[in-house]
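Below: the structure, in structure tokens.
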Amino acid sequence: MVTIQDYFNSGIIDIALLLSLALNKSHAQLITHYDYQPNNEEKTQLNQLIKQRQSGTPFAYLSGTKGFYHLNFKVTPSTLIPRPETELLIDIVLDLFDENQTYEILDLGTGSGIIAVTISDKNPQWRLTATDFSMDALNIARQNAKTNINFQLGSWFKATPNQTFDLIISNPPYIKQGDPHLNDLGFEPQSALVSGKNGLDDIRTIIDNAPQHLNKKGYLLLEHGFDQQQEIMWLLSHDFFKIKKFKDYNQQNRAILAQIKES
Ligand code: GLN
């Protein structure tokens, strides 16, 4: 006979989380029912999850959810799994803008919607537009929305023709083609991760086109790779000033905020 305790002692990766998911029980319920013997149906379900997890499927794709900031988000293999580093962008925006004023804010390449949905939930007075070139991702983002967000389909600024904003935010793909780090990310959409030879193709497109889509004194906020700060500062220097750099919680360079120059 196999009990919950036997599973706990098995050393199987993420076994506590997988048990919670398969038996629909909280961690506390599991550890207070150590002697419980999962029935056949539960065992089949659990074994299937264990197999998927062992072959590399991230837990978030098995549970279909991931926490970000103060909310839970639906995620599927069409969307990147939210990273804790990206919470830094939320803090920067909440610091930047006056909570009692109204702003037009754009989240480019929203994926599961985390940036737009979180900011809009924190301040429903700000007007959020969120774009993605993937229809599947945009549908997930729509399901994640708690407030009224303007979702638009298209690649970068092709999704927002003739529109201007007070702030443009993006966590674009920024990993180099062939980066060994990608070996661990094979279950996630590569189009949300990889951006050309040096990982800067999409960041360059965004920086080049943002000025046409920014209001006077508007800002651009980007998440980027730990080794891309110098290059991005240089790309920004043509049209932007008042550049501010931010490190993530692991002390890696991770985000950059810049204001459009007065023309
Ligand atoms: N930060 C992610 C990672 O390194 C990459 C996200 C991205 O490319 N925007 O796993």
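All ligand and atom numbering here is 1-based and tracks the order in the structure. The structure displayed is predicted, hence computed values, not measured ones.
With Lys122 contributing its side chain and Val117 its backbone, the two residues share no donor-acceptor pair below 3.5 Å.
Taking a cut-off of under 4.0 Å to the non-hydrogen atoms of His181, the atoms of ligand 1 that pass are 3 (C), 4 (O), 10 (O). Near Pro173, the atoms of ligand 1 lying under 4.0 angstrom from a non-hydrogen atom of the residue are 8 (O). Atom numbering of ligand 1 starts at 1 in the shown order; those under 4.0 Å from a heavy atom of Pro172 are 7 (C), 8 (O), 9 (N). In the vicinity of Arg83, heavy-atom distances shorter than 4.0 Å reach the ligand 1 atoms 2 (C), 3 (C), 10 (O). Here is the list of ligand 1 atoms found below 4.0 Å of a heavy atom in Leu185: 10 (O). Taking a cut-off of under 4.0 Å to the non-hydrogen atoms of Leu193, the atoms of ligand 1 that pass are 5 (C), 8 (O).
Remark: aromatic rings of His213 and Phe157 are close, center separation under 6.0 Å. Taking the centre of each ring, Tyr34 and Phe8 come in below the 6.0 Å mark.
Remark: the Gln152 side chain and the Asn150 side chain contain an N/O donor-acceptor pair separated by less than 3.5 Å.
When the side chains of ILVMFWY residues are joined at heavy-atom separations under 4.5 Å, either directly or via intervening members, Leu128 and Leu96 end up in a single hydrophobic cluster.
Residue-level proximity to ligand 1 for Ala192 is carried by the backbone, the only part with a heavy atom below 4.0 angstrom.
The 12-atom threshold is not exceeded at NE2 of His238, counting heavy atoms of other residues, nucleotides or ligands nearer than 6.0 Å.
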